[in-house]
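Taking it in order: structure first as structure tokens, then the write-up.
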Amino acid sequence: MNIKKAMDTTIARTTYCYSYHRISTLKQKKGGGIKRQIEDSEAFCNEQGWTMDTSFKLTDIGKSAFHGKNLDDKAALGSFLNAVDNGLIRRPAILLVESLDRLSRANIMDALELFIRILNTEISICTYHDRMIYSKESIEANFGPLLISITILSRAHEESATKSKRLKKSWKDRREKIANGIIAHKRIYPDWIDVNTDSPTIIEKRADMIREVFDLCINHNMSYGLIIKSMREKYGEEFTVSTRYLNNLFTQKRVLGLYEPKELASDKYRSLHIEIPAYPAIIDEDTFYAAKAAIKSRATIKSGRPAKRETNFFRSLLFCGECGYAMGVNGSNRYSSYKCKTRLTYRTECSQSSVIATNDFQTVLLKAIAVIDKDDMLVSASNSKKTKLSKELSAKQTELEDKQGQVDNLAKLVAAGSETGVRMIVDLEKDIGFINQQILEIQEQLKMLASPSMAASIDHINAFHKRFQLGKATREDQMPFVEALKNTIEKIVIHSPEKEGQRTIAVIHLLSGM
């Protein structure tokens, strides 16, 4: 069969179009990467006469296709594939992307597996950059398009692999400089460290101001707002701070002289929360943890008084779908609203345009969560999650056995006095420790899914919702209710309308994977 004819037949049958957009970093978002992809995909969809289905928000920001992070349950593409498996996608359908490297930059075997998996669900893949369409029918008729896809996916992986090697070398060089007390990348140093010298030194005047901030928090019991007001009154423009700046001071360990890398060359290290001594500390550990304790004590909800509807039940669960940052409450009492904290602080760094009334939105969310079918959540979605976690556990256990076998094989080299063997074993032991940690985390997730506490949490949410509707919920009810939410919900992602006249979308991600 002629390739062009096969593709034309597939296009003619396709009615529903699902457009997927992805960028690897927020820096690309500032460059208009997502906006360009959305506009180009909409124009192409209209040109073909397809029906764009916007019920799924298929945008991944900061999700690496090289490491397969865009396939996680938390990612848009991973959620879409789960929806496909659960029969939630209307057919005939086409998945529209700029190019195949938006779907995957993994090694060719994994990338090809994803490519074929999508086609086997009777969903075609269209890349509007080169106006190619791949379908199960067309490839079965002529494998030419399959060879093209293999070439594109292989080249995408090679490009990412080269970049990864370059980043690893850059990180290694930076770490060696830090270990030797030499100024590395200036971006890693806080504003109280002088980076214009050979080695990092404290700017004492600035450090004294930071110490004063900690004193106001611990000994004067000041909130973020009062600290900012006090510092501005005393120092004016010389020390302008924001709530985000203060939050970083009290939660990160930079004041202790520790650098906590967020962008390492390997995902293996990214989740370990590595702390590297990089410059002199300006406060001691006792002061740092005293401040954290003071903040935590002020955040505790007091009991005994009737609950107001303006209480932020979903604190720490709401996230911006545009930049991934937390959503916070702006204003107070009945006039408060949810806004992206990045937008609130920097005004221009996030395109999230939704301004949502706190009271109304929480009422809607409570109602939405209260009508979740417990059996569906605990059986269907939970079983799907268990299957995936079980596979991950099996893979990690196999990897662990392989690493332990390598250690055993190197034992002879070490016995013979090989320094190389010793270094290799040290590296392997680190890997083994990390894998053991991952295994424990997976086992904890499996244990949570099997626990009766999830069912009890759903019942508690339903009971609280009824009291809340009747205006009988008290502050004494709130702490158990908030805990029940945390035992049920992973996160709630807020997306702005893509077009005028469309509604804001709230996607509730449950811990069960649903």
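For clarity, every value in this text was computed on a predicted model and none was experimentally measured. Both backbone and side-chain heavy atoms feed into the values below; hydrogens, waters and symmetry mates do not.
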Work out which heavy atom in Tyr189 is nearest to a heavy atom in Pro200; give both atom names and the distance.
CE2-CB, 4.0 Å
Count the heavy atoms of every other residue, nucleotide or ligand shown that sit under 6.0 Å from CZ of Phe143, and state whether that count exceeds 12.
no
How far apart are the C-alpha atoms of Ile435 and Ile432, what are their side-chain angles, what is the distance that settles it, and do they pass the side-chain contact (heavy atoms from CB on, under 4.5 Å) test?
CA-CA 5 Å; Ile435 295 169; Ile432 288 171; 5.5 Å; no
Shortest non-hydrogen pair, Asp60 vs Ile34, comes out as O-CD1, 4.5 Å
When you check the gap from the basic side-chain N to the acidic O, do Glu47 and Arg131 get nearer than 4.0 Å?
yes
Main chain of Met132, side chain of Asp130: is a donor-acceptor contact present, judged purely on distance under 3.5 Å?
yes
Can you tell whether the side chains of Asp191 and Arg254 come within less than 4.0 Å, N to carboxylate O?
no
Are side-chain heavy atoms of Thr51 and Cys17 found at a separation under 4.5 Å?
no
To the nearest 0.5 Å, what is the distance between CG (Asn436) and NZ (Lys396)?
11.5 Å
Apply side-chain contact (heavy atoms from CB on, under 4.5 Å) to Ile508 and Val493, showing your working.
CA-CA 7 Å; Ile508 303 173; Val493 183; over 6 Å; no
Can you tell me if Asn82 and Ser79 form a side-chain donor-acceptor pair at under 3.5 Å?
no
Under the side chain to side chain contact (heavy atoms under 4.5 Å, CB included) test, which residues partner Thr54, sequence neighbours left out?
Met52, Gln502
For Ala106, is there any backbone N or O sitting under 3.5 Å from a side-chain donor or acceptor partner on His157?
yes
Whether the side chain of Ser41 engages the backbone of Ile38 through a donor-acceptor N/O pair (distance < 3.5 Å, no angle test) should be reported.
yes
Please evaluate residues Trp50 and Cys126 with respect to the criterion side-chain contact (heavy atoms from CB on, under 4.5 Å), reporting the C-alpha separation (whole Å), side-chain torsions for both, the decisive distance (0.1 Å), and the verdict.
CA-CA 12 Å; Trp50 300 335; Cys126 177; 4.0 Å; yes
In short, Leu58 meets Ser19 closest at the heavy-atom pair CB-O, 3.2 Å
To check you understand the geometry: which heavy-atom pair defines the closest contact between Ser104 and Leu114, and what is its length?
CB-CD2, 4.0 Å
For the CG atom of Leu95 and the OG atom of Ser124, what is their distance to the nearest 0.5 Å?
9.5 Å
Sub-4.5 Å side-chain heavy-atom contact between Met327 and Ile492:
no
Would you call Glu98-Arg22 a salt bridge at under 4.0 Å N-O?
no
Nearest heavy atoms of Leu119 and Lys136, plus distance in Å
O-CB, 3.7 Å
Is the number of heavy atoms from other residues, nucleotides or ligands under 6.0 Å of Glu113 CD greater than 12?
no
Full working for side-chain contact (heavy atoms from CB on, under 4.5 Å) between Leu77 and Leu71:
CA-CA 6 Å; Leu77 183 59; Leu71 300 180; 3.6 Å; yes
Quick one: does Tyr279's side chain have a donor or acceptor within less than 3.5 Å of a partner on Pro190's backbone?
no
In the structure I gave you, are the side-chain heavy atoms of Thr504 and Ser496 within less than 4.5 Å of one another anywhere?
no
Closest non-hydrogen atom pair between Arg91 and Ile89, with its separation:
NH1-O, 2.7 Å
Could you check whether the rings of Phe115 and Tyr134 sit parallel, tilted or perpendicular, using 30° and 60° as the cut-offs?
perpendicular
Any donor-acceptor pair under 3.5 Å from Asn70 side chain to Leu103 backbone:
yes
How far does CD1 of Ile123 sit from CD1 of Ile94, to the nearest 0.5 angstrom?
10.0 Å
Tell me every residue that passes ring-ring contact (aromatic ring centres under 6.0 Å, His included) with Phe361, counting only those two or more places apart in sequence or in another chain.
Tyr338
Is the terminal nitrogen or CZ of Arg90 (NZ for Lys, CZ for Arg) located under 6.0 angstrom from the six-membered ring centre of Tyr16 and within 45° of that ring's axis?
yes
Taking atom CD of Glu159 as the centre, report whether more than 12 heavy atoms of other residues, nucleotides or ligands fall under 6.0 Å from it.
yes
Side-chain donor-acceptor contact under 3.5 Å, Ser135 with Ser138:
yes
Any side-chain heavy atom of Gln37 within less than 4.5 Å of one from Thr59?
no
So, Thr121 side chain and Ile118 main chain: donor-acceptor pair closer than 3.5 Å or not?
yes
Please examine the side chains of Phe80 and Tyr20, heavy atoms only from C-beta on, and report whether any two atoms are closer than 4.5 Å.
no
Test item: Arg105 side-chain N/O and Ala156 main-chain N/O as donor-acceptor pair under 3.5 Å:
yes
Can you tell me if Asn107 uses its side chain to pair, donor with acceptor, with the backbone of Asp110 under 3.5 Å?
yes
Is the side chain of Asn247 donor-acceptor paired with the backbone N or O of Thr243 at a distance under 3.5 Å, no angle test?
no
